[in-house]
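Below is one structure; the comments refer to it alone.
Nothing here was measured: the structure is a model prediction, and the numbers come from that model. So you know, we letter chains A, B, ... as the sequences are listed, proteins then strands, and number each from 1.
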2 protein chains.
Amino acid sequence: MSTTGTERAATLHDVAAVVGVSPRTVSRVVNDEGGFSDATRRRVLDAVEALSYRPNIMARGLITRRTSTIALVAPVISDPFFTEVADSVQRAAREVGLNMFFASTDDDFDRQVAVLDSLDQHAVDGVIVFPLGEISEPLLPHAERGLQMVVVDTPTEHRNLRTVSSDLAGGARMAVEHLLATGRRKLGMIAHVNSPPERRWRETGFCNALPDDIEPLVVRESADIDGGRRGIDRLLELRPDLDGVFAYNDLMALGATRELKARGVDVPREIAVVGCDDIQISALVSPSLTTIQIDRERLGIEAVRALLALRDGEPEDSAGSVIPVTLICRESA
Amino acid sequence: MSTTGTERAATLHDVAAVVGVSPRTVSRVVNDEGGFSDATRRRVLDAVEALSYRPNIMARGLITRRTSTIALVAPVISDPFFTEVADSVQRAAREVGLNMFFASTDDDFDRQVAVLDSLDQHAVDGVIVFPLGEISEPLLPHAERGLQMVVVDTPTEHRNLRTVSSDLAGGARMAVEHLLATGRRKLGMIAHVNSPPERRWRETGFCNALPDDIEPLVVRESADIDGGRRGIDRLLELRPDLDGVFAYNDLMALGATRELKARGVDVPREIAVVGCDDIQISALVSPSLTTIQIDRERLGIEAVRALLALRDGEPEDSAGSVIPVTLICRESA
DNA sequence: TTGTACGCGTTATCAT
DNA sequence: ATGATAACGCGTACAA
C-alpha cells in the first residue's frame with residue numbers, strides 16, 4: 001500500500017481495522033469518552049498517528065448537528081473596524097476550539113440574506129452579525145429556522161437571538177461634551193444612511209447631549225470615506241458657520257477631515273472633528289483623529305461568550321452586556 | 001403542524017412526501033439534473049418554497065466530497081493588505097457560487113498547521129494561502145493528503161499546488177530606480193524577518209537594481225508598524241547618512257516615516273521612503289506614501305481562477321501567472 | 001471494556 | 001420520467 005498518492009483519507013473504519021478493534025472503540029478513544037483500557041488507547045492513538053486520521057467533520061456534524069464553526073457577518077470587509085473585531089472574535093473562538101468564518105454582505109441587503117442562508121446550510125453553530133437594516137426582516141426568519149445569532153448593537157427579543165452592545169449613545173454624548181467644552185457651538189453630525197431607527201444610538205446620543213439652545217443638525221451618508229466627504233459638504237451648505245462635527249465612524253471622520261483640508265479649512269482651529277471607532281489609522285493621520293474608542297477586543301470576547309451561552313441554553317446574563325467606550329483626545333478636536 | 005417552533009429543518013424527504021414523489025426526484029429538481037417533467041418541477045419547487053427547504057451541505061458533502069467552500073489563509077488579519085485581498089477573493093468566489101472562509105495564522109507557524117488541519121477536516125474545496133516560512137514544511141504534507149492549494153508568491157512543484165504571484169522583484173527594482181532618479185544614493189531596505197529565501201523577491205529585486213558602487217544594506221524586522229520603526233532605527237545606526245528607504249510593506253513604511261518624523265527628520269527632503277502594497281491608508285497619511293501598488297483585485301481573481309482550474313484538473317496555464325505592479329508616486333519619495 | 005445495528009440527509013447506481 | 005436501494009463516515013442506543 002503506497003502512502004504517497006491521492007488516496008482516500010483514513011476513516012474510523014481503517015483505524016479500527018489496523019488496530020483490530022471495532023470502529024466504535026476508536027470513536028470512543030478519539031472523542032475521549034472513556035470506557036477503554038489504557039493499552040487500547042495507546043494502540044488506537046498510534047494508529048491514528050500512523051494513518052494521520054482526521055475525523056470527518058461533515059459526517060460527524062450530520063449526527064451531532066455541530067460543526068465547531070461560527071461565523072462573523074459584517075457589512076464591509078474593507079472597514080478596519082470590522083476586521084479588528086474579526087481578529088478578536090477569531091482569537092476568542094480559537095480558545096474554545098471554534099473556527100471562525102468571516103463573511104461580508106457588501107452593505108447589501110439581499111447579500112445579507114444570501115450569506116445567512118449559506119451559513120445556515122453549512123450548519124454553523126452560530127453567527128455573530130452586524131446587521132443591515134431592520135432586524136425583523138432578514139434576521140428573524142433565520143432565527144425562526146433555528147439559527148442562533150448574536151446581534152451587535154441591536155435590541156432583540158427572540159429565544160435564538162442575543163445582543164452585545166457598546167455604549168454608543170454614551171460615546172456620542174462624550175463627543176458632544178468635548179466639543180462644547182472646547183467652545184464649539186455650531187455642531188453637526190454625519191450619520192450612517194443605512195442605519196434604521198432602532199440602531200441610531202449615536203444620533204440619539206448626539207441630539208440628547210445638545211443644550212436646548214442648539215438645534216440638532218444631522219445629515220446621512222454612506223459609512224465610508226467618500227460619505228464623510230459628502231457629509232461635510234452638505235453640513236457646510238446647511239450651516240456655513242459650522243465649527244464642530246461628530247461622525248458616525250472614523251472612516252467618515254477621515255473623509256470629512258480630508259475634504260476640509262482640501263478646502264483650506266483648518267482642523268481643528270476652524271472646525272473640530274470627532275470620529276467613532278478608533279481604528280488603527282486614526283492615530284496615524286495628520287491631524288490625528290479625536291474619536292470615541294470602541295473596545296473591539298472585548299466586543300469580540302463578549303460576542304463569542306454570548307454565542308456559547310445561547311448554544312448551551314444558558315440564561316441571558318443581563319449584566320455585562322453594554323461595553324463602555326472611551327473618548328480618545330488627539331489633534332482633530 | 002405549527003411552523004413556528006424550533007423544528008427540524010425540512011429535508012428532501014419532507015419535500016418528497018408533500019409533493020408525492022420520491023426523494024430522488026426532488027434531488028434531481030433541486031440540482032437541476034434534468035430528467036423530470038415541467039409539471040413535477042413546478043410542484044417540487046413550490047414545496048421547496050413552502051417548506052423553505054435548504055439542502056444540507058454536510059450530507060451532500062459526505063457523498064460528493066465538495067462543500068462549495070474555499071478558504072483564504074493569511075498571516076495577519078490586521079494588515080489591510082490581506083483584508084483587501086480577502087475582499088477580492090470573496091467577490092470572485094461568490095461569482096462562481098463559492099463561499100469563502102477567512103482564517104489568519106497570527107504569523108505563527110504552529111497556528112498555520114492547525115488552521116490547515118482544521119480546513120482539511122472541514123473538507124473545504126481548496127485553500128488560497130499566503131504561506132509562512134518554507135513551503136515544504138507545513139504545506140506539502142497537506143498537499144500530499146489531497147488538499148488543493150494556491151500558494152501566493154511562492155514557486156511550487158506539486159500536483160495539488162498552484163502559484164499566483166505579483167512581480168515583486170520588478171516592483172522593488174522600480175522603487176530603487178525611482179529613488180536613484182531623485183538623486184538618492186545611500187539606500188537601505190527594511191525587509192520581513194520571517195520570509196524565507198525562496199520568497200525574497202523584494203530583497204533580490206532591491207539588491208539587483210543597485211548600481212555596482214552601492215552596497216546593499218538590508219535589515220529584517222516584523223512586518224508591522226513597529227517593525228518599520230525599529231527598522232529605520234537600525235538602518236540609521238548602520239548608515240547615519242541614509243537618504244532613501246524601501247520597505248517590505250506599507251505598514252513598515254508607515255512606521256519608518258513616523259519614526260523619522262518623531263526624530264525631526266524631514267520626509268522626503270532628508271530621507272525618502274517607498275513602501276509596497278498600496279493599502280488604503282497610504283494615500284491618507286501625511287506625507288502620503290510613495291509605494292509599489294499590488295493589484296489585489298486581480299490577485300484575488302487569479303487565485304480563485306487557479307483554484308478552480310486545479311479542482312477541475314485543468315492544466316496549468318503558464319501564461320498570466322505573474323501580476324504586474326505599479327509605482328505610485330506620492331509625497332514620501 | 002467492547003461490539004452491533006441503525007440513522008443522520010444526501011447523491012449514485014441501476015432498474016423500471 | 002421516476003423510483004428503490006446502497007453508500008458516504010460518523011455517533012447513539014443498546015446489547016454483550
Side-chain angles (χ1 to χ4, degrees), chain A residues 6-45 47-48 51-69 117-118 120-125 145-146, chain B residues 6-45 47-48 51-69 120-125 145-146:
Chain A
T6 308
E7 291 166 27
R8 283 278 246 310
T11 73
L12 219 45
H13 229 88
D14 302 330
V15 178
V18 168
V19 181
V21 296
S22 81
R24 186 66 187 90
T25 299
V26 178
S27 171
R28 272 192 267 258
V29 173
V30 168
N31 294 343
D32 208 19
E33 291 176 37
F36 43 77
S37 68
D38 251 25
T40 310
R41 190 185 123 85
R42 286 292 312 176
R43 289 194 302 147
V44 167
L45 290 182
V48 163
L51 300 180
S52 71
Y53 164 78
R54 301 278 182 284
N56 181 322
I57 291 213
M58 301 197 293
R60 175 185 283 168
L62 205 50
I63 291 190
T64 62
R65 296 168 180 287
R66 290 267 169 93
T67 54
S68 294
T69 302
D117 256 348
S118 163
D120 203 1
Q121 287 181 54
H122 276 266
V124 294
D125 291 349
R145 283 174 57 85
Chain B
T6 307
E7 292 165 28
R8 282 279 247 311
T11 72
L12 218 47
H13 231 91
D14 301 330
V15 178
V18 167
V19 181
V21 295
S22 80
R24 188 66 188 87
T25 299
V26 178
S27 171
R28 273 191 266 257
V29 172
V30 168
N31 294 342
D32 208 20
E33 291 176 38
F36 42 78
S37 67
D38 250 25
T40 310
R41 191 186 121 86
R42 286 291 314 173
R43 289 193 303 145
V44 167
L45 290 182
V48 163
L51 300 180
S52 71
Y53 163 77
R54 301 280 182 283
N56 181 322
I57 291 215
M58 300 199 292
R60 174 183 287 171
L62 200 52
I63 187 157
T64 62
R65 294 165 184 288
R66 290 266 168 94
T67 54
S68 295
T69 302
D120 204 0
Q121 286 182 54
H122 277 265
V124 293
D125 292 349
R145 284 174 56 85

Report summary line: Taken to the nearest whole Å, CE/B/Met58 to C1'/C/dT10 is 11 Å

Report summary line: Of the listed D/dG9, C/dG3, D/dA4, the closest approach to the B/Ser22 side chain comes from D/dA4

Query raised in the report: For A/Arg60 and C/dG7, what is the distance between atoms CZ and C1' respectively, to the nearest whole Å?
Result: 17 Å

Query raised in the report: OP1 or OP2 of C/dT10 less than 4.0 angstrom from a side-chain nitrogen or oxygen of B/Arg24, does that happen here?
Result: no

Query raised in the report: When the distance from CD1 of B/Ile57 to C1' of D/dC8 is rounded to whole Å, what number comes out?
Result: 16 Å

Query raised in the report: Between A/Thr25 and C/dG3, does any side-chain N or O lie under 4.0 Å from OP1 or OP2?
Result: yes

Requested in this report: Check every strand shown and say whether B/Pro55 touches a base, only sugar-phosphate, or nothing at a heavy-atom separation below 4.0 Å.
Outcome: sugar-phosphate

Query raised in the report: Which residue, A/Gly20 or B/Asn31, contacts DNA chain C at a nucleotide closer to its 5' end, judged by nearest heavy atom?
Result: A/Gly20

**Report entry** Sidechain-backbone polar pair: B/Ser27 side chain, B/Pro23 backbone, donor-acceptor under 3.5 Å
**Finding:** no

Report summary line: B/Leu12 CG to D/dA6 P, in whole Å, measures 18 Å

Query raised in the report: Out of D/dC10, D/dT2, C/dT11, which nucleotide sits closest to the side chain of A/Ile63?
Result: D/dC10

Query raised in the report: Which heavy-atom pair separates A/Val30 from A/Tyr53 by the least distance, and what is that distance?
Result: CG2-CE2, 4.1 Å

**Report entry** A/Asp120 bridged to B/Arg54 by N-O distance under 4.0 Å
**Finding:** no

Query raised in the report: In whole Å, what is the span from the CG atom of B/Asp32 to the P atom of C/dT10?
Result: 17 Å

Query raised in the report: Is there a side-chain polar atom (N or O) of A/Thr64 under 4.0 Å from OP1 or OP2 of D/dC10?
Result: no

Query raised in the report: If every non-hydrogen atom of A/Val19 is compared with every non-hydrogen atom of A/Ala47, which pair is closest and at what distance?
Result: CG2-CB, 3.4 Å

Query raised in the report: Under 4.0 Å: is that the gap between some side-chain N or O of A/Ser27 and OP1 or OP2 of D/dG11?
Result: yes

Query - A/Val21 versus A/Arg43, closest heavy-atom pair with distance - result: CG1-NH2, 4.3 Å

Query raised in the report: Does B/Asn56 make a side-chain N or O approach to OP1 or OP2 of C/dC8 shorter than 4.0 Å?
Result: no

Query raised in the report: Does A/Thr11 make a side-chain N or O approach to OP1 or OP2 of D/dC8 shorter than 4.0 Å?
Result: no

Query - A/Arg65 CZ to C/dG9 C1', straight-line distance once rounded to whole Å - result: 9 Å

Requested in this report: Please state how far atom CG in A/Leu62 lies from atom C1' in D/dA7, giving the value in whole angstrom units.
Outcome: 13 Å

Report task. Check if the side chain of B/Arg28 and the base of D/dA1 share a donor-acceptor pair of N or O atoms closer than 3.5 Å. Result -> no

Query raised in the report: What is the distance, rounded to the nearest whole Å, between atom CG of A/Leu51 and atom P of D/dG9?
Result: 14 Å

